[in-house]
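See structure below.
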2 protein chains.
Amino acid sequence: MLEPVRHERSDAARNRATILLAAEALVAEHGAQCVTMDQVARAAGVGKGTLFRHFGDRCGLMRALLDERERSFQEGFIRGPSPLGPGAPPRERLIAFGERMLEHIEIQGDLLAAAEGAPGERLRHNVYAAYRAHVMALLEQSGYAGDIGYLADVLLAALTAELVLFQRREMAIAPDRLKDGWAGLIVSLLGSA
Amino acid sequence: MLEPVRHERSDAARNRATILLAAEALVAEHGAQCVTMDQVARAAGVGKGTLFRHFGDRCGLMRALLDERERSFQEGFIRGPSPLGPGAPPRERLIAFGERMLEHIEIQGDLLAAAEGAPGERLRHNVYAAYRAHVMALLEQSGYAGDIGYLADVLLAALTAELVLFQRREMAIAPDRLKDGWAGLIVSLLGSA
DNA sequence: CGATGATGCGGACCGTAGTCCGTATACGGC
DNA sequence: GCCGTATACGGACTACGGTCCGCATCATCG
């Protein structure tokens, strides 16, 4: 399996940067939901084809906008300080993971919602796989006796942007109640010992 | 708050029935994903406007197709035989509810996926509210000590069509493993007593 | 530096969901 | 049966995401 691309052509790199800048500005101004691909293309001064070649589809563009935050988020629970990162007992790390994710959704919610594509697409992505592997590892370490893979899916389902934004906005549930609910859930499952 | 509509006009009722019939046939033949609104309109011999006036949007049409099954499903856990319906202890009813829901998704999965609209729309509907109320009542009866509303949302998130279809199709997880996972989850939360 | 092949570019084009409004039709009152 | 009006109908129209392909631009090599 060879690497097909050696260098990105200079104009392509320039265009990608321009597009991301333009998209970021438009999203900041109008909200992710209201920004159309034509708007982004015009604002960046490129053709629509260029947009889609670089990012595949609308969700790909939104994901690209999230990417930096996403990477630092993942960095946090893989190599960051306790209790989110290594060092703390798995139960504490799991609680911290959920709380951190809730904060992530609080900040990036609209973009996360806009990055959702067809049903199930989200689940097929590397990001989900990374979360899932992390949660499974923590459950494993905690000595949980049941189906770890299944439980990981369920726990992550509690942390989807769709659900959390609904709880926060439609049901007007306070962030602290969500965090407490999450922590209580983990304690119920893994014991308070 | 008056009832604005006294009688549905006869042509309207006829058209609605015709549309549902045509849509059902097209979905059966091509799958819900591949059926367009224009196809349905042409097959039913009505204009597009009529379609949208009756069902609001594509998801509304899909929901209407699900409606009958949905009602009998709800009937099952509200007034049906134990352990799904009243009579069994709440823990057993909750397990039966999840298993029944998994079967429902197994059968109606494509339609359920096609009925999903914008992120969060699903959660705003009566159907979700009914499920949520049911699960909350069972948790209450079971004497669960934590945040019942939060836990209901989490448990229902484990039973979304999006997740279950992913688990079944993409991850090739067998139905029995999902049912066992669900039962194990409930037991972990409510105790095996 | 000039030729040449690979890569990227632009924007016309397409399919689909959803809207709008002038026209047609059913229903209730006379 | 006839009329007036509320209601429904149809299909042209819009907006948007996504595709396609002929042309331009870049990198490379002699």
Side-chain angles (χ1 to χ4, degrees), chain A residues 2-23 26-27 30-65 111 113-119 121-122, chain B residues 2-23 26-27 30-65 111 113-119 121-122:
Chain A
L2 292 167
E3 191 77 19
V5 173
R6 293 173 175 270
H7 302 298
E8 181 175 42
R9 245 172 65 169
S10 59
D11 53 348
R14 222 179 317 121
N15 274 329
R16 176 161 46 211
T18 310
I19 289 167
L20 284 172
L21 236 22
L26 285 171
V27 165
H30 302 104
Q33 303 283 356
C34 300
V35 174
T36 72
M37 296 302 267
D38 296 75
Q39 279 180 327
V40 174
R42 252 185 295 114
V46 303
K48 238 174 136 177
T50 304
L51 213 52
F52 283 93
R53 193 165 344 88
H54 278 298
F55 301 104
D57 59 10
R58 187 190 154 79
C59 302
L61 175 59
M62 297 303 175
R63 257 182 280 120
L65 290 178
L111 218 41
E116 311 241 323
E121 204 186 314
R122 174 179 69 85
Chain B
L2 291 166
E3 190 79 16
V5 173
R6 292 171 176 272
H7 303 297
E8 181 175 41
R9 245 171 64 169
S10 60
D11 53 348
R14 220 180 318 120
N15 274 330
R16 177 160 51 208
T18 311
I19 289 167
L20 284 172
L21 235 21
L26 284 170
V27 165
H30 302 104
Q33 303 283 357
C34 299
V35 174
T36 73
M37 296 302 267
D38 296 76
Q39 279 180 328
V40 174
R42 253 185 294 114
V46 302
K48 239 175 135 177
T50 302
L51 214 51
F52 282 93
R53 191 164 344 91
H54 278 297
F55 301 104
D57 58 10
R58 186 190 156 78
C59 301
L61 175 60
M62 297 303 175
R63 258 182 281 121
L65 290 178
L111 217 41
E116 311 242 324
E121 204 186 313
R122 175 180 67 85

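Here is how names work: the chains are called A, B, and so on, in the same order as the sequence lines, proteins then strands, and each is numbered from 1.
- Taking the side chain as every heavy atom from C-beta outward, A:Asp57 and A:Glu121 approach each other to under 4.5 Å.
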Show me the donor-acceptor pairs, under 3.5 Å and distance only, between side chains in residues 16-23 of chain B and residues at least two apart or in other chains.
residue: B:Arg16; atom: NH1; partner: B:Glu8; partner atom: OE2; Å: 3.4
residue: B:Arg16; atom: NH2; partner: B:Glu8; partner atom: OE1; Å: 2.6
residue: B:Arg16; atom: NH2; partner: B:Glu8; partner atom: OE2; Å: 2.7
residue: B:Thr18; atom: OG1; partner: B:Arg14; partner atom: O; Å: 2.7

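- Atom pair B:Leu61:CG and C:dT16:P shows a separation of 16 Å (rounding to whole Å applied).
- Atom-to-atom, NE2 of A:His30 to P of D:dC16 comes out at 12 Å; the value is rounded to the nearest Å.
- When all heavy atoms of B:His30 and B:Cys34 are compared, the closest pair comes out as O-CB, 3.6 Å.
- When all heavy atoms of B:Gln33 and B:Ala113 are compared, the closest pair comes out as NE2-CB, 4.1 Å.
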Using the 3.5 Å cut-off, write out each protein N or O paired with an N or O of nucleotides 26-30 of chain C and the distance between them.
residue: C:dA26; atom: O3'; partner: B:Ser10; partner atom: OG; Å: 3.4
residue: C:dC27; atom: OP1; partner: B:Ser10; partner atom: N; Å: 3.2
residue: C:dC27; atom: OP1; partner: B:Ser10; partner atom: OG; Å: 2.9

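- Residue pairs meeting the salt bridge (charged side-chain N to carboxylate O under 4.0 Å, His left out) criterion with at least one partner in residues 42-55 of chain B, sequence neighbours excluded, are B:Asp38-B:Lys48.
- A donor and an acceptor atom sit less than 3.5 Å apart, one in the side chain of B:Lys48 and one in the base of C:dA17.
- Residues from residues 33-42 of chain B that place a heavy atom under 4.0 Å from any atom of DNA chain C, listed by number: B:Thr36, B:Met37.
- For the residue pair A:Asn15 and A:Val46, the shortest heavy atom distance occurs at OD1-CG1, 3.4 Å.
- B:Cys59 contributes atom SG, which lies 12.0 Å from atom CZ of B:Arg122 (distance to the nearest 0.5 angstrom).
- Using a 4.0 Å cut-off, no side-chain N or O of A:Asn15 falls inside it from OP1 or OP2 of C:dG8.
- Interface residues of residues 50-60 of chain A facing DNA chain D, ordered by number: A:Phe52, A:Asp57, A:Arg58; criterion, heavy-atom separation under 4.0 Å.
- Residues that satisfy the side chain to side chain contact (heavy atoms under 4.5 Å, CB included) test with A:Arg58, not counting sequence neighbours, are A:Met37, A:Met62, A:Ala114.
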